[in-house]
Amino acid sequence: MIKNEGLQHIQQMLYEQGYITEPSIVMSVFLAKELRKPLLIEGPAGVGKTEIAKVMSRALDTDLIRLQCYEGLDATHAIYEWNYQQQLLHLKMDEHSGKTLEEKERNIFSERFLLKRPLLQAITHQKAPVLLIDEIDRADEEFESFLLEVLSDWQISIPEIGTIKASHIPQVIVTSNRVRELSEALRRRCLYLYISYPEFEKELQIVRSKVPGIDEDLSRQICAFMQEVRQMRLEKVPGIAETLDWAMALSALHIDHLDKSIVESTLGIVLKDWQDIRHTQDSLSELFEKVGAISKLEDL
């Protein structure tokens with residue numbers, strides 16, 4: 001990697017927060033921070049995309065504001081909505097005040113009755129936050145188009161109040177699991193990073209970092225097993241999140257090595273589809289042979 005104090009600072013920043021990184025991630029985070037551009041991170045579920053935003057917010061000592069995307073997400077839930085109950089209560093209390101209709105409208109459509117949702121929270125924050133737009137590919141294309149305007153101008157127009165401009169531009173992390181293809185317009189506005197499943201040595205390093213006290217042999221066996229499982233034809237390939245869950249579970253059970261019975265009884269931690277579990281159970285002998293976790297299996 002290029003020798004640069006800024007890059008070294010980012011690498012150290014991620015390391016101090018316990019994020020096991022690699023040069024491409026360090027470079028992308030550094031450039032996104034320096035250029036103040038959104039960083040679009042794609043990759044399979046459970047490989048650490050969302051974690052980058054969490055780590056950045058902790059390292060920069062600022063708030064993390066998260067917009068979780070889903071089908072049907074609209075501006076009301078992403079930007080703002082009015083607190084109708086409070087408005088009605090205020091109108092009731094103001095019934096005999098003698099104020100004009102215009103004065104009453106001005107009062108109830110003020111910032112006092114505004115419920116700020118993630119995007120509005122981000123641009124009105126007192127300090128530049130980290131804005132995580134998580135799983136943008138689950139939102140509709142119409143919402144994606146709307147989001148482009150916010151990311152371009154960093155301002156939001158509220159008809160009853162006017163235009164609100166960002167006082168501090170957020171550091172934006174956009175994640176996608178590639179459920180659908182994103183628009184070219186969104187891609188052009190972002191820096192891009194793809195995170196794949198980790199290689200054996202990196203996954204082992206992550207496990208030993210996140211599960212302190214785990215048996216050394218067990219950690220190697222778990223990571224080797226996961227590497228082989230991901231080579232199978234599965235409906236839902238397990239990510240690093242499942243590796244960590246499995247490692248923590250086995251460590252809590254004081255297991256020091258893998259065997260057939262342990263794997264069969266805990267596969268539900270690793271695999272979340274019954275056909276995948278059945279397929280893996282049928283292939284356990286072959287998997288153990290490849291992994292070299294045990295020399296002899298029961299019932300062979």
Going by atom type alone, with no hydrogens or angles, which donor-acceptor pairs under 3.5 Å involve a side-chain atom of residues 200-208 and a protein atom two or more places apart or on another chain?
{"from": "Lys202", "atom 1": "NZ", "to": "Glu22", "atom 2": "OE1", "distance (Å)": "2.8"}
{"from": "Glu203", "atom 1": "OE1", "to": "Gln227", "atom 2": "NE2", "distance (Å)": "2.9"}
{"from": "Glu203", "atom 1": "OE1", "to": "Arg230", "atom 2": "NH1", "distance (Å)": "2.9"}
{"from": "Glu203", "atom 1": "OE2", "to": "Arg230", "atom 2": "NH1", "distance (Å)": "3.4"}
{"from": "Glu203", "atom 1": "OE2", "to": "Arg230", "atom 2": "NH2", "distance (Å)": "2.7"}
{"from": "Glu203", "atom 1": "OE2", "to": "Thr243", "atom 2": "OG1", "distance (Å)": "2.6"}
{"from": "Arg208", "atom 1": "NE", "to": "Ser219", "atom 2": "OG", "distance (Å)": "3.1"}
{"from": "Arg208", "atom 1": "NH2", "to": "Glu216", "atom 2": "O", "distance (Å)": "3.3"}
{"from": "Arg208", "atom 1": "NH2", "to": "Glu216", "atom 2": "OE1", "distance (Å)": "3.4"}
{"from": "Arg208", "atom 1": "NH2", "to": "Ser219", "atom 2": "OG", "distance (Å)": "3.3"}

Side-chain (Glu144) to main-chain (Leu182) donor-acceptor, under 3.5 angstrom: no
Flag, side chain of Arg189 to backbone of Lys37, donor-acceptor distance under 3.5 Å: no
Under 3.5 Å donor-acceptor, Lys49 side chain and Gly43 backbone: yes
All side-chain contact (heavy atoms from CB on, under 4.5 Å) counterparts of Glu160, not counting sequence neighbours: Tyr80, Trp82, Phe109, Ile158
Side-chain heavy atoms of Pro44 within contact of Tyr194, under 4.5 Å: yes
Option passing side chain to side chain contact (heavy atoms under 4.5 Å, CB included) with Met56 (candidates Leu39, Val130, Leu132): Val130
Beyond-backbone contact of Leu186 with Ile136, side-chain heavy atoms, under 4.5 angstrom: yes
Any donor-acceptor N/O pair, Asp140 side chain to Gly72 backbone, under 3.5 Å: yes
Sidechain-backbone polar pair: Asp137 side chain, Ser176 backbone, donor-acceptor under 3.5 Å: no
Polar side-chain atom of Lys210 near backbone of Gly18 as donor-acceptor pair, under 3.5 Å: yes
Contact list for residues 16-59, test ring pair (Phe, Tyr, Trp, His ring centres under 6.0 Å), sequence neighbours left out: none
Main-chain N/O of Pro129 paired to His168 side chain as donor or acceptor, under 3.5 Å: no
Salt bridge (Lys or Arg N to Asp or Glu O under 4.0 Å) partners of Arg187, counting only residues at least two apart: Glu42, Glu181
Donor-acceptor side-chain pairing of Thr163 and Ser157 below 3.5 angstrom: yes
Side-chain touch Pro170/Trp154, heavy atoms, less than 4.5 angstrom: yes
Under the side-chain contact (heavy atoms from CB on, under 4.5 Å) test, residues paired with Ser209 that sit two or more places apart: Ile20
Heavy-atom donor-acceptor pair, Asp273 side chain to Gln275 backbone, under 3.5 Å: yes
Option passing side chain to side chain contact (heavy atoms under 4.5 Å, CB included) with Val29 (candidates Leu191, Leu7, Ile52, Ile41): Ile52
Residue pairs, two or more places apart or on separate chains, that pass side chain to side chain donor-acceptor pair (under 3.5 Å) and touch residues 52-75: Gln17-Arg58, Asp63-His125, Arg66-Gln68, Arg66-Asp134, Gln68-Glu135, Asp74-His77
Any donor-acceptor pair under 3.5 Å from Asn177 side chain to Val179 backbone: no
